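Here the structure comes first, spelled out in structure tokens, and everything after it is commentary.
Just so you know, these numbers come straight off a predicted model, no measurement behind them.
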Amino acid sequence: MQQRAARRSDQTGRSMPGDLATSPFRADRDRIAASAFFARLGGVTQVVSPSGSGLLLHNRLTHSLKVAQVARSIAERLLADPEDRAKLERLGGCDLDVVEAAALGHDLGHPPFGHLGESVLDRIARQRFGLPDGFEGNAQTYRVVTRIDVRGLDAEGLDLTAATRAALLKYPWTRHSPVPRRAAELPRGASEPEDAPGIGAAKFSCYSTELDDMRDARAPFDALLPGWQQSVEASIMDTADDIAYAIHDLEDFHRVGILQYTTVSHELTEWLGHAVEFAALDEVPDRPGASLERLRRRLHDKDAWIASDEAFLDAVKKVRTDLVANLLEVPFDRSKRAEQAVSRFSVDWTRRLVEGIQVSEKVEPRSGQVALAREQWHEVQVLKFVHRRFVLQRPDMALQQRGQDRLISNLVAALDEWLVDASELAPHRLRDLHELATAEFEELRNDHFDLLPGASMEKMARGRAVIDFVASLTDDQAISLLDSLSGRTTQPYTALVL
């Protein structure tokens with residue numbers, strides 16, 4: 001498949017003069033920051049919607065900004081150490097602007113309504129439209145920067161350098177491309193999801209339509225890294241994302257009163273008091289502490305290369321002290337003292353985790369060259385457990401998500417019917433996306449017939465266009481558009497869609 005836009009670098013470009021005399025990577029960063037897709041993230045839910053709370057909570061935009069801050073701090077710290085800097089150079093190099101650009105752009109493809117929107121669009125893409133690739137937020141990000149977004153009249157994508165495009169590849173494979181195995185293990189994200197076997201990798205960073213572009217971005221690293229391994233800058237971005245997710249989301253949950261001292265404390269304290277008893281059981285009964293014990297066992301099953309009972313025990317103790325006793329014990333009342341407690345928790349933990357970053361030239365498949373040390377890695381796992389167990393699995397969250405699932409499903413169906421019945425009256429952007437997807441699938445069928453066996457080209461192109469369109473909306477735009485399409489409002493739909 002021919003390249004669709006000239007690239008300012010077909011190598012990593014670190015010493016190559018570009019359209020900026022100083023750094024082509026700074027241009028990458030600025031193009032991402034100036035993108036309408038980046039601005040859109042201010043209207044996309046991170047986890048908790050701020051509606052009605054009166055509180056300033058994280059959205060995908062503020063999350064991306066914090067990931068960029070953490071990622072740059074990690075890179076600066078590593079580059080300041082001569083030994084770490086030498087390791088980074090041997091692994092392909094590390095540029096601060098590339099790291100920051102990747103961190104700012106890592107969520108550009110994230111759809112409305114958080115991870116729920118991602119799973120719903122994936123299901124619809126596969127089941128309604130027969131798209132083998134389905135939908136994946138990371139792959140959608142790569143599609144945005146290489147195909148959907150535009151930086152000029154004759155351009156597709158943002159015309160980013162190879163280094164920055166490679167740094168956006170958290171999972172450098174497609175849904176169905178083979179990933180090299182090592183000791184019967186797969187890289188993190190490459191295994192099939194437990195709730196949907198047979199669909200391919202759970203996580204991936206590229207659709208089949210952008211496969212040649214991904215190979216072009218990864219080419220400079222072919223002699224340095226295994227095909228499944230992230231570039232250094234992608235590894236830094238991924239680690240920073242984990243840190244921000246583990247810390248800053250918990251701030252929001254505390255602010256809106258979702259994280260309750262009693263329930264979190266009871267779970268952690270019960271496990272600490274009965275850890276030996278839990279470990280001796282073949283099956284874990286449903287009782288306080290059981291969910292934490294299941295996490296401990298899951299870490300041993302999936303990450304035996306780093307899992308340690310001693311480190312896990314210490315991590316639970318630290319989280320109980322810092323999160324439960326020092327933060328959650330006093331309800332958030334918006335006072336100066338409460339705000340200072342949240343700030344202190346965030347600053348102390350961010351510093352601790354950034355200082356726990358290590359560089360390794362030989363890594364396990366489920367890790368990266370730049371990763372947390374064993375102690376901090378376990379702490380992040382426990383923090384993410386608290387997030388999952390006491391926020392995402394709450395019944396009221398499940399109720400909200402069922403409604404959002406129905407909203408997205410109905411919106412996709414209405415737009416699809418619009419394209420079928422009266423495509424000439426559909427929104428201009430939707431028609432543009434339909435034209436792009438049609439050309440892409442025709443070219444893909446000609447060059448890689450094996451990637452589209454027995455597929456309905458027209459249905460797939462229509463599906464990809466609708467999914468691209470919906471994924472580019474904010475939460476409020478999605479709600480307003482469905483209201484207009486359903487006749488629930490007499491007001492014309494005037495929201496600016498990308």
Would you give the length of the straight line joining atom [atom1] of [X] to atom [atom2] of [Y], rounded to the nearest 0.5 angstrom?
X      : Y      : atom1 : atom2 : answer
Glu76  : Asp81  : CD    : CG    : 14.0 Å
Leu211 : Ser177 : CG    : OG    : 7.0 Å
Ile199 : Asp122 : CD1   : CG    : 5.0 Å
Thr174 : Glu136 : OG1   : CD    : 11.5 Å
His378 : Lys318 : NE2   : NZ    : 15.5 Å
Leu108 : Thr141 : CG    : OG1   : 5.5 Å

| Centroid separation His63 to His106 less than 6.0 Å | yes
| said: Tell me whether the count of non-hydrogen atoms from other residues, nucleotides or ligands lying under 6.0 Å of CD in Glu83 goes above 12. | reply: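 Atom CD in Glu83 is not packed in, count stays at 12 or less.
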Looking at [Y] and [X], is there a salt bridge between them, counting it only when a charged N and a carboxylate O are closer than 4.0 Å?
X      : Y      : answer
Arg374 : Asp303 : no
Arg352 : Glu375 : yes
Asp249 : Lys384 : no
Arg215 : Asp212 : yes
Arg72  : Asp97  : yes

Heavy-atom closest pair, residues [X] and [Y]:
X      : Y      : value
Leu88  : Cys94  : CD1-CB, 3.9 Å
Arg175 : Ala202 : NH2-O, 4.2 Å
Val380 : Asp242 : CG1-O, 4.4 Å
Ala437 : Ala461 : CB-O, 3.5 Å
Lys170 : Asp241 : NZ-OD2, 2.5 Å
Ile357 : Arg77  : O-NH1, 3.3 Å

Any side-chain to backbone donor/acceptor pair from [X] onto [Y]? Under 3.5 Å, distance only.
X      : Y      : result
Ser205 : Leu169 : no
Glu364 : Ser367 : no
Ser119 : Leu116 : yes
Arg60  : Leu41  : no
Ser73  : Gln69  : yes
Trp377 : Ala371 : no
Arg31  : Leu158 : yes
Asp133 : Ser208 : yes
Ser235 : Ser231 : no
Arg366 : Lys302 : yes

| Are a donor atom and an acceptor atom from the side chains of Glu251 and Ser346 found within less than 3.5 Å of each other? |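 On atom types as modelled, these side chains qualify, holding a pair under 3.5 Å.
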| request: Answer with yes or no whether the side chains of Gln369 and Gln229 bring together a donor and an acceptor at under 3.5 Å. | output: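 Yes - a donor-acceptor pair under 3.5 Å links their side chains.
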| task | With side chain to side chain contact (heavy atoms under 4.5 Å, CB included) as the test, would you mind laying out the steps for Tyr142 and Met214 before giving the verdict? | result | CA-CA 9 Å; Tyr142 200 71; Met214 182 184 74; 4.2 Å; yes
| request: Report the C-alpha distance between Glu440 and Glu210 in whole Å, list the side-chain angles of each, state the deciding distance to 0.1 Å, and finish with yes or no for side chain to side chain contact (heavy atoms under 4.5 Å, CB included). | output: CA-CA 9 Å; Glu440 286 177 333; Glu210 288 77 58; 3.8 Å; yes
| task | Test Phe38 against Asp107 for side chain to side chain contact (heavy atoms under 4.5 Å, CB included), laying out the working first. | result | CA-CA 8 Å; Phe38 184 67; Asp107 265 351; over 6 Å; no
| message | Tell me which one of Arg334, Arg255, Arg344 satisfies salt bridge (charged side-chain N to carboxylate O under 4.0 Å, His left out) with Glu339. | response | Arg255
| Given Arg165, which of Asp28, Asp213, Asp159 fulfils the salt bridge (charged side-chain N to carboxylate O under 4.0 Å, His left out) condition? | Asp213
Taking the side chain as everything from C-beta on, heavy atoms only, tell me whether [X] gets closer than 4.5 Å to [Y].
X      : Y      : answer
Arg389 : Val386 : no
Arg143 : Thr209 : yes
Gln358 : Gln376 : no
Leu407 : Ile479 : yes
Ile148 : Ser472 : no
Val412 : Phe129 : yes
Leu96  : Phe25  : no
Glu379 : Trp349 : yes

Between [X] and [Y], what is the ring plane arrangement, given parallel below 30°, perpendicular above 60°, and tilted in between?
X      : Y      : answer
Phe332 : His254 : perpendicular
His115 : His110 : perpendicular
Phe385 : Phe390 : perpendicular

| task | Test Arg431 against every option in His434, Glu435, His428 by the side-chain hydrogen bond (donor to acceptor under 3.5 Å, both in side chains) rule and name the one that passes. | result | His428
| Asp468 and side-chain hydrogen bond (donor to acceptor under 3.5 Å, both in side chains): which partner among Arg429, Arg147, Gln140? | Gln140
| task | Applying side chain to side chain donor-acceptor pair (under 3.5 Å), name anything that partners Asp149, two or more places apart in sequence or on another chain. | result | Ser35
| task | Answer yes or no for Arg126 and Phe135: cation-pi contact, defined as NZ/CZ to six-membered ring centre under 6.0 Å and angle to ring axis within 45°. | result | no
| said: Is there a side chain to side chain contact (heavy atoms under 4.5 Å, CB included) between Leu299 and Gln381? Walk through the geometry before answering. | reply: CA-CA 9 Å; Leu299 295 183; Gln381 302 309 311; 4.1 Å; yes
